[in-house]
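Here is the structure we will look at.
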There are 2 protein chains.
Amino acid sequence: MGQIRNTRQRTAVAAVFDELDGFHSAQEVHARLRAAGDGIGLSTVYRAVQALVDDGELDSIRTDSGEAVYRRCSTQHHHHLVCRNCGRTVEVEGPAVERWADRVAAEHGFTDVSHTLEIFGTCTTCSQARAASAAAQPAG
Amino acid sequence: MGQIRNTRQRTAVAAVFDELDGFHSAQEVHARLRAAGDGIGLSTVYRAVQALVDDGELDSIRTDSGEAVYRRCSTQHHHHLVCRNCGRTVEVEGPAVERWADRVAAEHGFTDVSHTLEIFGTCTTCSQARAASAAAQPAG
DNA sequence: GTCATTGCAAACGCTTTGCATCTGT
DNA sequence: ACAGATGCAAAGCGTTTGCAATGAC
């Protein structure tokens with residue numbers, strides 16, 4: 001059964017996640033490899049990424065728009081604080097949250113626990129801009 | 001400009017979320033209304049749901065499979081602990097996490113803060129089933 | 001030589017959109 | 001009567017899959 005072979009394409013996909021931190025989509029990886037001159041098909045990237053997830057080498061989450069994004073598991077775990085207006089992102093850590101999530105899951109008998117946490121808000125710059133434009137256009 | 005009208009369909013969609021707790025997809029709402037005898041188009045459900053999200057009456061998140069699901073905002077805010085194998089979901093609360101998210105966002109100057117948090121794991125039943133099947137098939 | 005892997009294109013599922021019709025105001 | 005809302009069908013998007021060709025072992 002399932003004998004796994006080392007191919008140029010699989011290696012290339014894994015290498016992308018070695019070089020890049022954070023989350024990246026299959027399409028992004030594909031574009032990046034194509035740009036680098038590595039001929040590779042989109043479906044191959046999808047299959048390679050899935051294989052890496054199955055192997056436990058990648059974690060995956062869904063973005064707000066429904067796209068699947070992947071990151072190397074060994075990367076330092078952190079969360080994102082995202083401005084919902086300009087998209088500016090701040091990486092934040094919260095050891096307490098990690099422990100809480102693990103504890104809650106354990107209390108319910110869950111094992112092999114992971115979690116995703118995103119915080120959304122309006123950053124200083126954008127809330128000031130919004131206030132200014134509201135003043136200029138009263139009925140906004 | 002944007003004058004919003006009260007239509008039978010919009011009311012029906014909003015009513016579904018009044019009666020049901022938790023997260024539900026647009027397709028599920030559509031099927032439910034059809035089953036109840038309310039004639040309504042799928043795209044109308046999508047548009048109604050989006051309008052409710054814009055109005056701040058619904059929250060939306062993405063499931064693991066990329067489907068968008070919605071829930072009434074007035075519902076007590078909580079998070080989900082999801083079995084990544086069978087999909088069983090437990091609702092969990094974590095006041096500490098809420099406060100942490102608000103504080104971290106405030107420290108970075110963000111306002112109007114919200115967040116999404118999902119915990120994934122393998123539930124007791126599924127981890128037992130997995131152990132059993134691994135024992136039966138040593139080279140799995 | 002065998003069989004997993006590749007790559008294309010077509011299929012898929014969820015969501016969005018164009019447009020003619022309908023309806024609340 | 002006007003402007004927003006509806007519903008269908010078709011398009012759009014990310015993702016998956018069928019199948020013949022390719023290449024790792």
Side-chain angles (χ1 to χ4, degrees), chain A residues 1-17 22-55 57-71 116 139, chain B residues 1-17 23-55 57-71 82 84 87 116 118 139-140:
Chain A
M1 263 194 210
Q3 171 74 8
I4 287 165
R5 291 176 187 177
N6 266 350
T7 63
R8 175 179 60 79
Q9 292 91 336
R10 259 165 159 65
T11 308
V13 169
V16 168
F17 287 97
F23 287 95
H24 305 277
S25 69
Q27 311 240 12
E28 185 188 338
V29 170
H30 178 240
R32 204 172 278 269
L33 289 173
R34 284 289 180 113
D38 287 325
I40 187 169
L42 180 56
S43 29
T44 301
V45 174
Y46 275 105
R47 286 188 274 230
V49 161
Q50 281 168 0
L52 289 167
V53 170
D54 288 346
D55 272 18
E57 292 189 42
L58 293 184
D59 262 356
S60 83
I61 62 169
R62 291 269 171 182
T63 67
D64 212 40
S65 68
E67 209 177 8
V69 289
Y70 308 85
R71 83 134 118 75
T116 66
Chain B
M1 265 197 207
Q3 171 74 9
I4 286 164
R5 291 177 187 174
N6 268 350
T7 62
R8 177 179 58 81
Q9 293 90 336
R10 259 165 158 64
T11 308
V13 170
V16 169
F17 287 97
F23 287 96
H24 305 279
S25 70
Q27 312 240 11
E28 185 188 337
V29 170
H30 179 240
R32 203 173 277 269
L33 289 172
R34 284 290 180 114
D38 288 324
I40 186 168
L42 179 56
S43 30
T44 302
V45 174
Y46 274 105
R47 286 188 275 230
V49 160
Q50 282 168 0
L52 289 168
V53 170
D54 289 346
D55 272 18
E57 290 190 44
L58 293 185
D59 263 354
S60 83
I61 62 168
R62 291 270 171 181
T63 67
D64 212 41
S65 68
E67 208 177 8
V69 289
Y70 308 85
R71 83 131 122 74
V82 185
R84 63 162 68 82
T116 66
E118 307 283 310

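Note that this is a predicted model, so its numbers are computed, not measured. First the proteins, then the strands, lettered A, B, ... as listed; each starts at 1.
With distances taken from any side-chain atom of A:Thr44 to the nucleotides C:dT15, C:dT6, D:dT15, the minimum falls on C:dT6. Nearest to the side-chain atoms of A:Arg47 among the listed nucleotides D:dC19, C:dT5, D:dA9 stands D:dC19. Checking C:dT15, D:dC8, D:dT15 against every side-chain atom of B:Arg62, the shortest atom distance belongs to C:dT15.
Between D:dT16 and A:Tyr46, no contact under 4.0 Å exists linking OP1 or OP2 to a side-chain N or O. Considering only side-chain N and O atoms, B:Thr7 lies under 4.0 angstrom from the phosphate OP1 or OP2 of D:dT6. Dashed line: the shortest gap from a side-chain N or O of B:Arg5 to OP1 or OP2 of C:dT23 is not under 4.0 Å. Residue B:Arg8 places no side-chain N or O under 4.0 Å from the OP1 or OP2 atom of D:dA5. For C:dT16, the OP1/OP2 oxygens have a side-chain nitrogen or oxygen of B:Gln50 closer than 4.0 Å. At least one side-chain nitrogen or oxygen of B:Gln9 sits closer than 4.0 Å to the OP1 or OP2 atom of D:dT6.
With hydrogens and angles left out, the side chain of B:Ser65 and the base of C:dC14 share no donor-acceptor pair within 3.5 Å.
If A:Asn6 and B:Gly41 are placed on DNA chain D by their nearest nucleotide, the residue sitting closer to the 5' end is B:Gly41.
Shown for residues 23-35 of chain A: residues whose heavy atoms fall under 4.0 angstrom of DNA chain D, namely A:Gln27.
Across all strands shown, A:Arg10 has heavy atoms under 4.0 Å from sugar-phosphate atoms exclusively, and none from any base.
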